[in-house]
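Proteins get letters first, then strands, A, B, ... in listed order; numbering begins at 1 in each.
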Amino acid sequence: MTMKCGEAQKKIWSGTDSEELTVHVKSCRECAAARKEWELLKSARPARKDPPASVEFAVRLAIASKAEEYRKTQVRRRRLWIPAAAAAVMACAVAGYWLVPQDEEAISAGGGTVQVVSSGRQPQAGNGSQNGNTAKWDVLEKDASLIALSLELENVTASMDLKASNDEVMLAALTQEFTR
Amino acid sequence: MIKEGLSDELLLQGYRSGSADDFNIIYERYRRQLYSYLNRLLPEDQATADDLFQQTWVKALNQLEKYENREQFLAWLIRIAHNLAMDHFRAGSRRAECPVEAEDMPELPGPALDSPLLQMQNSELGTAIEDAVSKLSPELREVFMLRQEEMTFKDIAEIQKCSINTALARMQYALKSLRKSLSGWWTGKGRE
């Protein structure tokens with residue numbers, strides 16, 4: 001016998017079976033008895049009970065409330081992200097209008113579209129340039145109002161999401177309580 | 001429901017993105033085991049067991065960010081419950097007995113060949129064992145119960161904040177005490 005009884009019994013209690021243990025148990029009456037004893041004790045585990053309904057209700061309410069907290073955090077994160085992205089887009093647009101060489105005559109403000117035909121010429125002072133700048137500002141104003149509109153729409157949607165999720169949580173909690 | 005087959009890790013991810021249903025599945029998975037653990041740790045104090053059950057879940061929800069997936073979720077839950085129970089014992093309502101350390105353990109004889117447990121086959125066996133288990137000190141009772149729940153000695157050692165050898169020694173001592181408590185059954189005297 002290579003395995004000692006102490007080691008064999010630790011393996012029995014740990015539930016780790018091995019060929020070496022099987023060989024040892026077959027040849028050692030004491031360890032065979034220890035294995036039977038442990039199997040008997042393990043099987044005598046009492047049946048698991050359900051927690052009382054009031055305790056369950058309190059836990060489920062805590063779960064729903066924490067889920068709501070997570071949802072609100074996500075909405076808050078989204079709210080922070082959208083203005084930041086909008087500001088970045090604005091900054092890029094402004095930088096683009098002033099830094100990229102453009103031909104003022106090629107900018108057509110009509111129909112809300114802007115066509116830029118690069119001529120490699122920088123904006124110059126004078127009447128032509130003033131007209132060009134006015135057209136640029138018109139387009140920038142349109143962009144800004146579009147971004148403002150989308151932000152407003154996002155805020156309205158987010159508040160509608162929150163209200164709907166609050167209602168859902170309350171409804172779920174009440175349904176669970178009534179069905180129980 | 002398909003989600004019921006998902007791992008704890010995926011369900012926790014879903015919960016962190018705001019889905020209460022995902023955590024409800026985890027709750028369903030472990031509520032009986034946790035409740036059973038607390039009831040057996042506090043066998044004569046049902047109200048405290050209920051209270052600690054609720055506190056364990058609330059604490060787990062509040063500390064969910066601290067949970068690391070490398071650990072079993074049930075082991076983590078039981079560790080929270082264990083800490084709460086120890087706080088309760090320390091608070092004085094029921095003082096825990098001195099912990100048994102591996103170094104203090106006397107060399108114990110192995111199970112007798114004619115062990116009383118092997119002889120007992122009557123229907124009251126479960127009750128007799130449960131009574132004997134409830135008389136063990138909290139540390140010994142906890143090791144025994146957690147092994148009954150198939151928890152590894154590594155997890156038990158983590159829960160009890162002791163070494164694996166200490167957990168094994170406590171198991172050995174618990175079995176020795178149970179053998180002694182149940183000896184009356186074997187001799188036909190009934191419960192002591």
Side-chain angles (χ1 to χ4, degrees), chain A residues 4-16 28-75 77 161-162 165 168-169 172-173 176, chain B residues 15-24 26-27 31-36 38-40 46 49-51 53-54 56-58 61-62 64 107 109-118 120 125-130 133 143-145 147-150 152-154 164-165 168 171-172 175 178-179:
Chain A
K4 288 180 181 167
C5 288
E7 196 188 337
Q9 285 175 23
K10 280 177 187 173
K11 281 189 184 292
I12 289 168
W13 303 330
S14 308
T16 44
C28 173
R29 292 182 67 199
E30 196 182 312
C31 289
R35 178 181 256 182
K36 275 188 185 172
E37 178 191 73
W38 173 235
E39 279 167 5
L40 193 67
L41 284 169
K42 206 167 77 169
S43 66
R45 190 194 72 201
R48 291 174 186 147
K49 288 190 292 179
D50 279 334
S54 59
V55 175
E56 292 242 78
F57 182 67
V59 175
R60 285 189 194 273
L61 213 59
I63 292 170
S65 141
K66 188 74 184 176
E68 190 52 32
E69 224 175 89
Y70 280 124
R71 216 175 298 177
K72 279 180 184 170
T73 311
Q74 287 220 328
V75 170
R77 272 188 202 146
D161 277 354
L162 268 179
S165 59
E168 270 172 34
V169 169
Q176 265 175 1
Chain B
Y15 184 59
R16 285 188 189 115
S17 60
S19 163
D21 287 346
D22 287 11
F23 199 86
N24 278 326
I26 291 183
Y27 175 69
R31 71 193 174 107
R32 282 199 184 99
Q33 269 165 291
L34 182 67
Y35 191 63
S36 163
L38 283 167
N39 266 298
R40 296 180 73 197
Q46 176 80 49
D50 289 353
D51 192 33
F53 175 80
Q54 192 177 324
T56 302
W57 284 104
V58 171
L61 289 169
N62 290 332
L64 216 51
E107 214 28 65
L113 298 181
D114 50 357
S115 165
L117 295 170
L118 302 181
M120 284 195 292
L125 174 66
T127 319
I129 292 173
E130 205 47 30
V133 170
V143 174
F144 179 77
M145 279 161 25
R147 267 311 296 148
Q148 270 190 324
E149 296 285 345
E150 304 274 331
T152 63
F153 277 109
K154 185 175 171 282
I164 294 178
N165 277 340
L168 275 160
M171 179 71 175
Q172 191 183 11
L175 290 174
L178 289 178
R179 240 173 260 139

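- Atoms NZ and CG, on A/Lys10 and B/Asn165 in that order, are 5.0 Å from each other to the nearest 0.5 Å.
- Interface remark: of the candidates A/Pro46, A/Gly15, A/Ala62, A/Ala47, A/Pro46 forms the most heavy-atom pairs closer than 4.5 Å to chain B.
- Among A/Ala44, A/Pro52, A/Ala58, the residue with the largest count of heavy-atom pairs under 4.5 Å with chain B is A/Pro52.
- Of the atoms belonging to B/Glu130, it is side-chain heavy atoms, and not backbone ones, that fall under 4.5 Å from chain A.
- Using a 4.0 Å cut-off between a side-chain N of Lys or Arg and a carboxylate O of Asp or Glu, B/Glu150 and A/Arg45 do not qualify as a salt bridge.
- Pairing each heavy atom of B/Leu168 with each of A/Trp13, the nearest pair is O-CZ3, 4.1 Å.
- Atom CG of B/Leu175 sits about 5.5 Å away from atom CD of A/Glu37, to the nearest 0.5 Å.
- In this structure, A/Thr73 OG1 and B/Arg16 CZ are separated by 12.5 Å, a value rounded to the nearest 0.5 Å.
- For a residue to count as touching a neighbouring chain, one of its non-hydrogen atoms must lie under 4.5 Å from one of that chain's; by this rule B/Asn62 touches chain A with backbone and side chain alike.
- Counting only distance, with no hydrogens or angles, the side chain of B/Arg31 and the backbone of A/Pro51 share no donor-acceptor pair below 3.5 Å.
- Counting heavy-atom pairs closer than 4.5 Å to chain A, the top residue among B/Ser17, B/Ser36, B/Ser19, B/Ala20 is B/Ser17.
- Residues satisfying the salt bridge (charged side-chain N to carboxylate O under 4.0 Å, His left out) criterion with A/Lys66, sequence neighbours excluded, are A/Glu69.
- Within the model, atoms OG of A/Ser54 and CG of B/Asp50 stand 7.0 Å from one another, a figure rounded to the nearest 0.5 Å.
- Looking at B/Tyr15, its side chain never comes within 3.5 Å of a backbone N or O of A/Tyr70 through a donor-acceptor pair.
- The two residues B/Gln148 and A/Leu41 make their nearest non-hydrogen contact at NE2-O, 2.6 Å.
- Interface remark: of the candidates B/Tyr35, B/Phe53, B/Phe144, B/Tyr35 forms the most heavy-atom pairs closer than 4.5 Å to chain A.
- Looking at every heavy atom in both residues, A/Arg48 comes nearest to B/Gln33 through CZ-CG, 3.3 Å.
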